[in-house]
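First comes the structure, then the notes that go with it.
Just so it is clear: chains get the letters A, B, ... in the order the sequence lines come, proteins before strands, and each one is counted from 1.
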Number of protein chains: 2
Amino acid sequence: MSQENKGTLGKKHENPPSSDTSSLELPLELVEAVELMFFAYRDFVSDPDTILESHGFGRAHHRVLHFVGRRPGMSVSELLHILSITKQSLSRVLKDLIEEKYIIQETDEKDRRIKRLLLSAKGHELHRNLIDPQIRRFQDSLAKSEGGTLEKWQKFMLHLINMETKIDFMDDTGGDK
Amino acid sequence: MSQENKGTLGKKHENPPSSDTSSLELPLELVEAVELMFFAYRDFVSDPDTILESHGFGRAHHRVLHFVGRRPGMSVSELLHILSITKQSLSRVLKDLIEEKYIIQETDEKDRRIKRLLLSAKGHELHRNLIDPQIRRFQDSLAKSEGGTLEKWQKFMLHLINMETKIDFMDDTGGDK
DNA sequence: CAAATATGTCAGCCATGTTGACTTATTTTA
DNA sequence: TAAAATAAGTCAACATGGCTGACATATTTG
């Protein structure tokens with residue numbers, strides 16, 4: 001059942017031989033999957049986008065709030081590394097968040113060059129409001145996807161990401177596995 | 001097994017009661033899922049991004065190539081609708097693609113106001129080169145995700161998207177389901 | 001013939017990425 | 001201890017790809 005060709009979301013057409021014409025014919029269900037990735041991601045971030053707008057923030061601010069929330073006390077360079085952006089890009093949004101007291105900086109005691117980043121209460125609240133609709137979306141989808149487990153979805157998604165990223169994620173996630 | 005709390009990608013911590021503190025404690029595995037969505041999407045588009053760069057194109061060009069490739073003969077307004085962007089945004093990239101002969105315009109016979117969009121041979125080739133690494137990524141991930149099926153992943157992703165988007169996608173996909 | 005529709009274009013704004021050059025603290029190391 | 005390396009921050013300029021508003025043109029429809 002799981003290996004059959006049916007169920008690729010219900011196209012009218014029969015699947016093409018699906019054989020090893022690999023370099024000639026693309027497997028249609030995977031082309032569809034590419035598209036699903038695009039649509040799902042776009043809609044998945046649409047709710048937080050709306051909330052952010054009302055605060056004069058953008059997606060970049062969201063990412064910072066998210067990662068600082070997930071790894072309280074992380075340094076600026078750790079944040080840069082996980083986001084894979086330049087410090088000039090980061091600085092614009094980080095400055096906003098610090099000025100408006102969503103994020104607090106604490107100088108590290110041992111190494112006073114390092115600034116530890118933390119969410120303020122205000123920051124936690126916003127982060128919470130941003131992630132709530134996304135969590136709900138997952139829960140709804142999970143409820144509707146009988147047979148599918150979150151665990152399997154996670155495994156699949158994890159395999160899509162690059163090794164270096166995987167390290168960052170694991171880090172974030174606690175490490176083992 | 002599929003309902004247990006374990007396997008949320010291997011955090012060090014025990015899962016918090018996971019009870020109905022719903023409005024107080026976020027389900028950790030879903031917070032991780034949010035993050036996976038971010039990382040997976042970013043890495044998933046990274047290969048095409050590299051190819052695009054060598055052509056002087058961006059992600060926006062990729063999307064146009066993709067949808068025109070998937071729905072040959074679509075009109076400009078259909079494309080605008082599916083991309084959910086303004087015609088001014090589209091025009092910049094579409095102009096590039098037409099000038100450089102990746103996309104061909106044909107005036108509709110019945111209604112000469114409508115321009116039908118098509119990929120040229122050159123367009124097909126580029127599209128193919130862009131999607132190939134993504135297809136490969138899916139195939140690799142699928143191979144590594146024993147137990148998980150593409151079908152279930154698709155169902156889950158489909159449920160994440162908005163109703164209106166779902167209509168667009170189905171359209172694209174052939175309609176039924 | 002008037003109104004609606006499909007497309008295209010000009011001009012300017014905004015968010016968020018980039019590079020390169022430099023400063024200031026602070027810690028490490030030779 | 002003096003020099004080098006590291007962490008953070010800043011200024012300036014540039015690119016991409018969203019956006020709005022205002023219009024122009026061709027074509028079809030009522």
B:E78 and B:R71 ion-paired at < 4.0 Å: no
B:R113 and B:D111 ion-paired at < 4.0 Å: yes
Roughly how many Å is it from [atom1] in [X] to [atom2] in [N], rounded to a whole number?
{"X": "A:K115", "N": "C:dT26", "atom1": "NZ", "atom2": "C1'", "value": "12 Å"}
{"X": "B:L94", "N": "C:dG8", "atom1": "CG", "atom2": "C1'", "value": "10 Å"}
{"X": "A:R116", "N": "C:dT26", "atom1": "CZ", "atom2": "P", "value": "16 Å"}
{"X": "A:L52", "N": "C:dA15", "atom1": "CG", "atom2": "P", "value": "12 Å"}
{"X": "A:L80", "N": "D:dG9", "atom1": "CG", "atom2": "C1'", "value": "11 Å"}
{"X": "B:L117", "N": "C:dT7", "atom1": "CG", "atom2": "C1'", "value": "11 Å"}
{"X": "B:M74", "N": "C:dT7", "atom1": "CE", "atom2": "P", "value": "11 Å"}

Plane angle bin for B:F57 and B:H61 - parallel if under 30°, tilted between 30 and 60°, otherwise perpendicular: parallel
Separation of A:L52 CG from A:D47 CG (nearest 0.5 Å): 11.0 Å
Distance, nearest 0.5 Å, that separates CZ of B:R128 from CG of B:L130: 11.5 Å
Of residues 95-114 of chain A, the positions that come close to DNA chain C - non-hydrogen atoms, cut-off under 4.0 Å: A:K110, A:D111, A:R112, A:R113
Pair A:F67 and B:F38, ring centroids less than 6.0 Å apart: yes
Chi angles and distances behind the side chain to side chain contact (heavy atoms under 4.5 Å, CB included) call for B:E29, A:E151: CA-CA 9 Å; B:E29 66 279 11; A:E151 192 188 341; over 6 Å; no
Closest non-hydrogen atom pair between B:P133 and B:N129, with its separation: CD-O, 3.1 Å
Side chain to side chain, A:D43 and B:L160, heavy atoms closer than 4.5 Å: no
Phosphate-side-chain proximity, B:S77 and C:dT7, N/O vs OP1/OP2 below 4.0 Å: yes
Base versus backbone protein contacts along nucleotides 14-20 of chain D [heavy-atom cut-off under 4.0 Å; B, S, -]: ---BBBB
